[in-house]
Structures are given as C-alpha cells and as structure tokens.
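Structure first, then comments.
Atoms considered below: every heavy atom in the structure, side chains included; atoms not considered: hydrogens, waters and symmetry mates.
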There are 2 protein chains.
Amino acid sequence: MRAKSSGNKQGPGPAADRTFIEAARRAQIVDAAIEVIAEVGYAKASFTRIARQAGLSSTGMISYHFAGKDDLMREVVAEVMRVADAYMRPRIEAHATAPERLRAHIESNFALMNEHPKHLPAIVEVLTGTRGESSSAREFTAATDTMMNSLVEAVRRGQEAGEFGEFDPVTMVYALRGAIDALVARATHDPDFDAAAHGRQLADLFDRATRRTP
Amino acid sequence: MRAKSSGNKQGPGPAADRTFIEAARRAQIVDAAIEVIAEVGYAKASFTRIARQAGLSSTGMISYHFAGKDDLMREVVAEVMRVADAYMRPRIEAHATAPERLRAHIESNFALMNEHPKHLPAIVEVLTGTRGESSSAREFTAATDTMMNSLVEAVRRGQEAGEFGEFDPVTMVYALRGAIDALVARATHDPDFDAAAHGRQLADLFDRATRRTP
DNA sequence: CTGCTTTTTGCTCGCATGAGCAAAAGGTAG
DNA sequence: CTACCTTTTGCTCATGCGAGCAAAAAGCAG
C-alpha cells in the first residue's frame with residue numbers, strides 16, 4: 001500500500017490532498033455504490049458488483065482509491081447526507097412556523113426521492129445493514145442521532161411556542177423517521193409510486209397528529 | 001443425505017413426520033437463531049454464531065436439521081409470526097370499534113416486546129435483510145403483504161363506517177408499520193426503553209391522526 | 001520516474017456435504 | 001424373556017467450494 005493511500009484512510013481527517021482525477025474516481029465509485037446498494041441491498045453490495053456498475057474492470061480499483069469498505073460506506077453516507085441537506089434545508093427554512101416546517105421536512109424528503117431515487121434507499125440500507133459495527137458505522141450513527149436530536153429539539157420548541165399539541169417529541173420523531181423509511185422501502189420496488197402524493201398524505205397525517213387540540 | 005432429511009426440506013409441505021427429538025432440536029436452534037439475529041443482525045447471524053448460542057459444538061448440527069439457511073429463516077419467521085398472532089389477536093378482537101382496535105393493535109404490539117424482547121427485532125432484521133431474495137423470503141414477504149393488506153382493509157372498513165376520518169389507508173398503514181419498526185429498532189439498543197409508554201404515545205399519535213374531524 | 005489502472009494472488013469465512021460413529025428402536029430366534 | 005442382529009436416528013468431524021475483500025505485482029501513460 002502506497003503512502004498516499006493511507007492518506008485516504010480515515011474520513012475525519014482533512015483529506016483535501018486529492019488529485020482531480022482521484023476525486024472524480026471516488027465520486028464515480030460512490031455513485032455506483034449508491035446505485036448498487038439501492039438495487040440489491042447492503043448485504044449483496046460487493047466490490048465486484050460496484051465495480052461492474054461503475055464500468056471498472058475489477059475490484060482492485062476500489063481497493064486502490066478507498067482504504068476499505070468502511071471508507072467507501074462513509075463516503076456514501078456523507079454524499080447522501082450532503083445532497084439531502086442541500087436539498088431540504090432551504091425548503092424547510094423557507095417557512096416560519098413549526099407546523100409548516102414539519103410539513104416542509106416531510107414533503108421535501110419525498111420530493112428528494114424524485115430527484116435522487118436511489119439516495120434514500122441506499123442510506124437506509126447502509127444504516128440498517130451495518131448495525132453500529134465497523135468504526136465508520138458508529139460515526140454516522142452518531143451523525144444520524146444528532147440529526148434526530150435537532151429535529152426533536154425543533155419539535156420541542158414548537159410545543160413550547162404553543163404551535164404543537166402535547167405529545168412526546170422523541171416518540172413522534174422516531175415514528176416519523178420510521179414512517180418515511182417504510183415508504184422509501186416501498187417506493188424502491190414499486191415502480192409507479194407517487195412520491196409527492198404520499199408525501200402530502202404523510203404530511204397531513206403528522207399534521208393532524210401534532211396539531212394543538214382546540 | 002438420509003431420506004427423512006429430504007422430508008425436512010421445503011416448508012410448504014406438511015412435514016409433520018418429525019421425531020420428538022428432532023422437533024425439540026429445531027425449536028432449540030430456532031430460538032438461538034432469534035436471539036443471535038436480534039443481537040448481531042441478520043447479516044452477521046452465521047451458522048457458527050447460532051450454533052454457539054445454542055450450545056452446539058458445530059454448524060453441522062444445523063445443516064443436519066434444516067435444509068439450509070432458507071429453511072431456518074422460514075422457521076424463525078413462522079415462529080415469531082405464530083407467537084405474535086397468538087398474543088395480539090385476542091387483544092385486538094376484544095374491542096369492537098375500529099379506533100379501539102387500532103389502538104389495541106399498537107399497544108399489544110409494544111406489550112409483546114416486553115414478553116419477547118428479541119422476537120420483533122429478529123423478524124425485522126430477517127425481513128429487511130433478505131430483500132425478497134431466497135425462495136423463502138418471497139414466501140414470507142407475501143405473508144407480510146397479506147397481513148398489511150388485511151390491516152388496510154380493516155382501516156378502510158372503519159372509514160366507511162364513519163369511525164375514521166379521511167386519509168389514504170395504504171399510506172397510513174405503511175407509516176404505522178414503519179413507526180413501530182423504528183421504535184423496535186430503538187428499543188434493541190436502548191436498555192431502559194419503556195415499551196408500554198411508547199406504545200401509548202404512538203397509539204395516541206395515530207389516534208389523533210386518524211380521528212374523524214369534527 | 002510517477003501517477004494511475006489492470007491483473008493476479010492470497011487469505012478468510014460461511015455454507016453445505018458426506019463419511020463415519022454411537023445409541024436407540026425394532027425385529028427375530030432360541 | 002433374553003440374546004443377538006439389523007435398521008433407524010442423532011450427531012461429529014473433515015473437507016470442499018465459492019464469495020468477498022485486500023494487497024501486491026505487473027502494465028502503461030504522461
């Protein structure tokens with residue numbers, strides 16, 4: 001293993017010392033990985049399949065550009081998170097009240113499914129498939145937790161401002177997360193799944209569930 | 001391969017011609033499998049781990065009593081389903097109105113988690129880990145679907161009887177399924193998870209979400 | 001030479017198989 | 001009933017085979 005490759009290892013570092021071509025390769029492989037994971041699931045997403053999807057001759061390429069499967073998965077999660085955040089955040093922050101933001105969160109999540117149909121299935125697969133094993137998994141499990149926590153906090157603030165009714169924010173957020181994931185899973189193997197419609201339905205559902213009782 | 005063993009193959013058959021010892025062994029192995037799957041996830045639930053959990057000296061034992069991993073997983077799912085049905089059905093059917101039954105469905109599901117903490121995590125793992133591959137998976141994916149469909153039908157009837165408000169039953173049922181699964185997942189790695197409390201919270205949440213708007 | 005790519009090789013792990021062994025069940029003859 | 005033999009049943013162990021990951025070796029371009 002060459003010295004530079006060890007520079008690729010461990011995501012937390014800067015890792016900015018990358019060639020253009022190397023960055024392009026990594027992006028190409030990550031995209032292929034997302035595709036494969038979404039299609040066949042995390043368990044069956046082998047280097048061989050990913051290489052084939054990326055149009056590479058063999059798995060050596062992946063081993064060269066990534067420190068290992070962990071490194072690749074970390075990149076996959078980071079990429080999906082990055083895209084999702086870029087897409088959803090402005091759409092959420094465009095609204096002022098907590099209920100509107102909650103709705104925007106849900107609907108933009110489903111709208112994102114139209115833009116990048118493979119992203120959400122892939123990340124769900126990786127997160128459920130790794131189970132907190134493998135250094136990287138612990139890392140982005142923590143990332144997911146903070147994301148959930150911030151959502152919980154947002155809901156709690158909405159409650160304190162009297163914009164929501166009375167309920168346990170933690171249960172609510174987990175339920176929401178699970179509901180979205182379940183519909184994402186359904187969308188993967190149902191070709192004519194109307195994401196926008198289901199997004200609206202789910203937003204309505206959680207709107208009713210969180211409304212202040214008059 | 002002995003003649004009897006081929007009788008073990010393929011679940012759909014009667015397969016009632018089993019010795020006491022054989023039935024006991026299968027049950028023992030299935031229990032161990034449930035335990036292991038719930039603890040380390042489907043992907044890492046190898047014969048080796050299951051054998052160790054069951055106190056067996058080697059994996060050959062498992063291969064002897066089951067036609068393959070498929071056969072074992074089928075049995076795992078069947079066992080969990082059987083227990084869950086026996087537990088939940090009477091608690092649901094004890095109520096008359098659709099909203100009460102929906103609540104009973106949710107709360108009895110969480111109550112079941114106290115009785116058999118490993119069962120629900122295990123089945124979720126198997127169902128998400130197999131992804132419709134492997135003859136058996138398709139089989140109990142179908143079983144799950146019919147279960148979901150019957151729930152959808154129950155909700156639809158409740159709507160027609162004016163006991164629920166207006167919403168898409170399919171979205172609602174998937175959301176509910178996902179919400180339960182998400183909380184099951186959380187319960188697995190959170191030692192002091194109050195299943196009853198979360199069950200009540202979730203039941204409240206879906207009660208508000210499905211109520212007829214006055 | 002250096003950076004990048006492809007080919008080749010090594011190693012691990014999980015599942016399945018089949019031979020072989022021990023014990024129980026069953027059958028038969030004295 | 002008992003002693004012996006045969007068949008069935010339950011289990012262990014060694015081995016094969018395939019898949020997947022990783023890294024080294026070899027080829028190639030700038």
Quickly work out the [X] [atom1] to [N] [atom2] distance and round it to whole Å.
X	N	atom1	atom2	value
A:D70	D:dG20	CG	P	18 Å
A:I62	D:dG20	CD1	P	12 Å
B:I29	D:dC11	CD1	P	8 Å
B:K44	C:dC13	NZ	P	10 Å
B:F20	C:dA25	CZ	C1'	15 Å
A:K69	D:dA22	NZ	P	8 Å

Relative to B:F193, does B:R186 satisfy both conditions: NZ or CZ under 6.0 angstrom from the six-membered ring centre, and within 45 degrees of the ring's axis?
no
Cationic tip of A:R89 above A:Y87 ring, under 6.0 Å, 45° of axis:
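Not flagged: A:R89 not positioned over aromatic ring of A:Y87.
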Any non-hydrogen side-chain atom of B:L102 less than 4.5 Å from a side-chain atom of B:L176?
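Yes, their side chains come closer than 4.5 Å.
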Less than 4.5 Å apart, side chain to side chain, heavy atoms only: is that true for B:R25 and B:M61?
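Contact flag for B:R25/B:M61 side chains = yes.
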Distance-only, no hydrogens or angles: does the B:Q53 side chain make a donor-acceptor pair with backbone N or O of B:A32 under 3.5 Å?
no
Kindly compute the distance separating [atom1] ([X]) from [atom2] ([Y]), expressed to the nearest 0.5 Å.
X	Y	atom1	atom2	answer
B:Q201	A:D168	CD	CG	5.0 Å
B:R18	B:H65	CZ	NE2	10.5 Å
B:F66	B:R74	CZ	CZ	11.0 Å

Walk me through whether A:E100 and A:R103 qualify under salt bridge (charged side-chain N to carboxylate O under 4.0 Å, His left out).
CA-CA 5 Å; A:E100 280 173 340; A:R103 171 173 293 274; over 6 Å; no
Using every non-hydrogen atom in the two residues, find where A:M88 and A:H105 come nearest and quote the distance to one decimal.
CE-O, 3.5 Å
OP1 or OP2 of C:dC4 sitting under 4.0 Å from any side-chain N/O of A:H65?
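So the side chain of A:H65 is outside the cut-off, no N or O lying under 4.0 Å from OP1 or OP2 of C:dC4.
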Residues in contact with DNA chain C, drawn from residues 46-53 of chain B - heavy-atom cutoff 4.0 Å
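Residues of residues 46-53 of chain B that come under 4.0 Å of DNA chain C are, in numerical order, B:S46, B:F47.
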Might you work through the salt bridge (charged side-chain N to carboxylate O under 4.0 Å, His left out) test for B:R26 and B:D71, ending with a clear yes or no?
CA-CA 11 Å; B:R26 284 176 71 100; B:D71 193 22; 3.7 Å; yes
Scan nucleotides 6-11 of chain C against the protein and return all N/O pairs shorter than 3.5 Å with their distances rounded to 0.1 Å.
residue, atom, partner, partner atom, Å
C:dT6, O5', A:S57, OG, 3.2

Between the protein and nucleotides 26-30 of chain D, which nitrogen or oxygen pairs are less than 3.5 angstrom apart?
none

